[in-house]
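Residue numbers count from 1 along this sequence.
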Amino acid sequence: MRQFRFTAILVVLFACFQLSASTFDVKEADITVTVGKNAVHTIEENYIFYYNTPAHGFLRDIPTDYSEWKVRARVSNVMCSDKCSVEREGAYVTLRIGDEDTYVNGYKEYAISYNYDLGADYNEGYDEFYLNLIGSSWESSFENVKFTVIIPYAGDDMKIYLTDGSYGSQSFSGSAEAYVDGEYTYLIGTVAHLDPGQALTVRIELPDSWYEGAREIKDNRARFSVIMSAVSVALVLIAFAFWSKYGKDKRLIITAQYDAPEGFTPLAVGYVADGTVDDKDITSMIYYWADKGYLRIEEPKKNRFEFVRTIQELPQDCPSYERRLFRAFFRKADSEGRVTLPGLQKGNFAQSMMDARSDVKSYFSVDRDLADTKSQICQGVFTLVTFLPGILSIFAVSQYEFVSDQLFILGFGAFLTPVIMLLLFSTLLKKWYLRKSNLGMEILIAVFTVAMILIRYVSTTLVYEDCPLYMPVISVLSTVLLALLSSIMIRRSKYGQKILEEILGYREFIDKVETDKLKIMIEKDPDLYYRVLSYAIVFGLENKWAKKFSSLSIADPTWYTGVSPVDVMLYSAMSSRMNNAIRMNAIPPAQARSGGLPRIGGGGFGSSGFSGGGFGGGGGHAW
């Protein structure tokens, strides 16, 4: 038993040793670097490996991305003594050396050479060559490291520093000497041993502007800021030209009309007036049907409304959308033709209200199309164009080799601005003819515009410190103007112009007619108040219409019975209560609840440098 335990311990120890040992050791390394005047350095690496276990070869990882120091190296002209493929991915160029069909074991020699372009030097007062001859990412140890650095400069004002060991070390354990031969300085040295993860680094200070013709950092932001701003302004001018030719409406000529356009229900009037079908437009149809004698309204308890159908189907000359809505309203009526608010819910009247929106929109098509076709196409195009100034500003800022990771902040704002502006202008214009004053919405748009300019400027300076103020200003203002022009791009058709003038003329009558005129009118039409009430609701003038009749004597309607005291103000106030009651009861609980929205998750080098602190180097490991 003891012998068995002892054997088991030996096996475990051997396995641990094998796991901890590297696949190969570098028995000898000879690194030669020729410093380029144009900062393109030629690097030659010669190795003698000893493979402890069989492998296909090794991967030589050469780092290229040093965004913190505004350096992005380029590797070119790669040559290898063995089969080699070059893989460029992320922050490294990887040389895959070896053959997937062949294994190597024991000693193996490799020779690698490549050009390493570090680009222009931006240090003040001197130019710098700072390179890891052996990087800190090797999995193996190094023995007998030799290195030669050839500098095409022989001045005595050059400073040379060498470091080796663990990352951050500022000491040098090897030996080295520098000598001048003609116009060249040669730095030659050796290091006896480096453990895995240890580095060998050389840093040389050269006279300022010693590098000539080095690759400059790509920074075209200033130039593209001007170009993109000019393009944004041009887009606004183009949009204005299209609006002037295809979208500009003729001036409305509004004269008081005593009746709604022939054949127009309140639902149709509301849609033409503001381009939408609101809940109050649908509620107004109840009063309209009641006045027509199609239903009665009963209120046995306050806010408990019941509706009784007095006709099975609407006449065939009624618009199809009206007949469909009427059928849906009484879908769950009892044998007496009575429907309650819970009955509306069971009949899925909420869906019918949504269908009515589409039905009315479809009704106004072809010969009854309210808008000119060309202007509709232009609106679609320029709605998309509204996003371009923001996209162009992002493109301008991205014309830099080291674009900040915070660019997404600018992108989010560039997308959000046109979306909000289109919504604001859409809301403003839909209610343009129905509001007493649009000042509040106009102030909101102005405040939002100023806020977006400030936000855009701050977010842009996060990625472009020297951003000119005009770029975010032009970008946001162009977005606002394009959103406005695209919102007003729709031109009314001849039919749409005629009908809107008649509708607004009817609104003018409801809003401005005087009591003396009404006295004369109700003598000829005693039901004038009730006939107009449904249209007044659509225009938001039901209270004003009721007040005009407060001093007049009119008969009670035959279509209402209830518990509330009867007067003209009752029916106007009841429209609001009925609208709320239908909205709350017609929509199933699952739809009425509102859930939470998903969250959108969202220095300087030491004077002598330090081991592993230079560019290049990298590491290697078996494959």
Spacing of [atom1] belonging to [X] relative to [atom2] belonging to [Y], to within rounding of 0.5 Å:
| X | Y | atom1 | atom2 | result |
| --- | --- | --- | --- | --- |
| L482 | L384 | CG | CG | 11.5 Å |
| D249 | Q497 | CG | CD | 6.0 Å |
| I474 | M228 | CD1 | CE | 12.0 Å |
| L454 | S459 | CG | OG | 10.5 Å |
| L500 | R507 | CG | CZ | 11.5 Å |
| L504 | E508 | CG | CD | 9.0 Å |

What closest approach, in Å, do [X] and [Y] show between heavy atoms, and which atom pair accounts for it?
| X | Y | result |
| --- | --- | --- |
| Q257 | F509 | O-CB, 3.1 Å |
| S487 | Q379 | O-NE2, 3.7 Å |
| R456 | G390 | NH1-CA, 4.1 Å |
| S534 | R531 | OG-O, 3.9 Å |
| D367 | Y495 | O-CG, 4.2 Å |
| S352 | R331 | OG-NH1, 3.6 Å |

For [X] and [Y], indicate whether the former's side chain and the latter's backbone hold a donor-acceptor pair under 3.5 Å.
| X | Y | result |
| --- | --- | --- |
| T417 | A414 | no |
| R88 | V75 | yes |
| Y535 | I510 | no |
| S284 | I537 | no |
| R215 | A39 | no |
| R221 | V397 | no |
| S398 | F395 | yes |
| T386 | T479 | no |
| K498 | S493 | no |
| S475 | M471 | no |

[X] versus [Y]: any side-chain heavy-atom pair under 4.5 Å?
| X | Y | value |
| --- | --- | --- |
| L344 | K332 | no |
| F539 | W545 | no |
| L485 | F425 | no |
| I503 | P261 | yes |
| I286 | F305 | no |
| E322 | M285 | yes |
| K245 | C378 | no |
| V269 | Y506 | no |

Exercise for review: Would you kindly say whether Q399 and Y464 are connected by a side-chain donor-acceptor distance under 3.5 Å?
Suggested key: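 Note: Q399 and Y464 side chains miss the donor-acceptor criterion.
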Check your understanding: Looking just at side-chain N and O atoms, do E299 and Y560 make a donor-acceptor pair shorter than 3.5 Å?
Key -> yes
Exercise for review: Please work out whether the ring planes of F264 and F364 are parallel, tilted or perpendicular, with thresholds of 30° and 60°.
Suggested key: tilted
Check your understanding: Do Y287 and Y530 have their ring centres less than 6.0 Å from each other?
Key ->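 Ring-ring flag for Y287/Y530: false, centres at least 6.0 Å apart.
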Review point. So, for F326 and F307, is the gap between ring centers shorter than 6.0 Å?
Key: no
Review point. So does Y470 have more than 12 non-hydrogen atoms from other groups sitting under 6.0 Å from OH?
Key: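 Enclosed: over 12 neighbouring heavy atoms sit under 6.0 Å from OH of Y470.
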**Study point:** Residue K248 excluded, over 12 heavy atoms near NZ under 6.0 Å
**Key:** no
Point to revise | Check ion pair D65-R72 (N to O, under 4.0 angstrom) | key: yes
Check your understanding: Is the shortest side-chain N to carboxylate O distance from R323 to E313 below 4.0 Å?
Key ->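 Looking at E313 together with R323, the answer is no, because their closest N to O distance does not fall below 4.0 Å.
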Exercise for review: List the steps, then state whether side-chain contact (heavy atoms from CB on, under 4.5 Å) holds for L370 with R492.
Suggested key: CA-CA 6 Å; L370 300 173; R492 291 184 291 271; over 6 Å; no
Practice item. Determine, step by step, whether M452 and V480 satisfy the side-chain contact (heavy atoms from CB on, under 4.5 Å) criterion, reporting the C-alpha distance in whole Å, the side-chain angles of both residues, the deciding distance to 0.1 Å, and the verdict. Key: CA-CA 10 Å; M452 286 310 303; V480 172; over 6 Å; no
Check your understanding: How far apart are the C-alpha atoms of T373 and Y246, what are their side-chain angles, what is the distance that settles it, and do they pass the side-chain contact (heavy atoms from CB on, under 4.5 Å) test?
Key -> CA-CA 10 Å; T373 303; Y246 299 108; over 6 Å; no
Check your understanding: Pick from F240, F242, W243: which one makes a ring pair (Phe, Tyr, Trp, His ring centres under 6.0 Å) with F382?
Key ->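 Considering F240, F242, W243, a ring pair (Phe, Tyr, Trp, His ring centres under 6.0 Å) with F382 is found only for F242.
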Exercise for review: Before giving the answer on side-chain contact (heavy atoms from CB on, under 4.5 Å), spell out for D278 and V538 the whole-Å C-alpha distance, their side-chain angles and the decisive distance to 0.1 Å.
Suggested key: CA-CA 9 Å; D278 301 319; V538 167; over 6 Å; no
**Study point:** Verdict with reasoning, R357 to D279, per salt bridge (charged side-chain N to carboxylate O under 4.0 Å, His left out)
**Key:** CA-CA 10 Å; R357 291 166 168 80; D279 291 345; 3.0 Å; yes
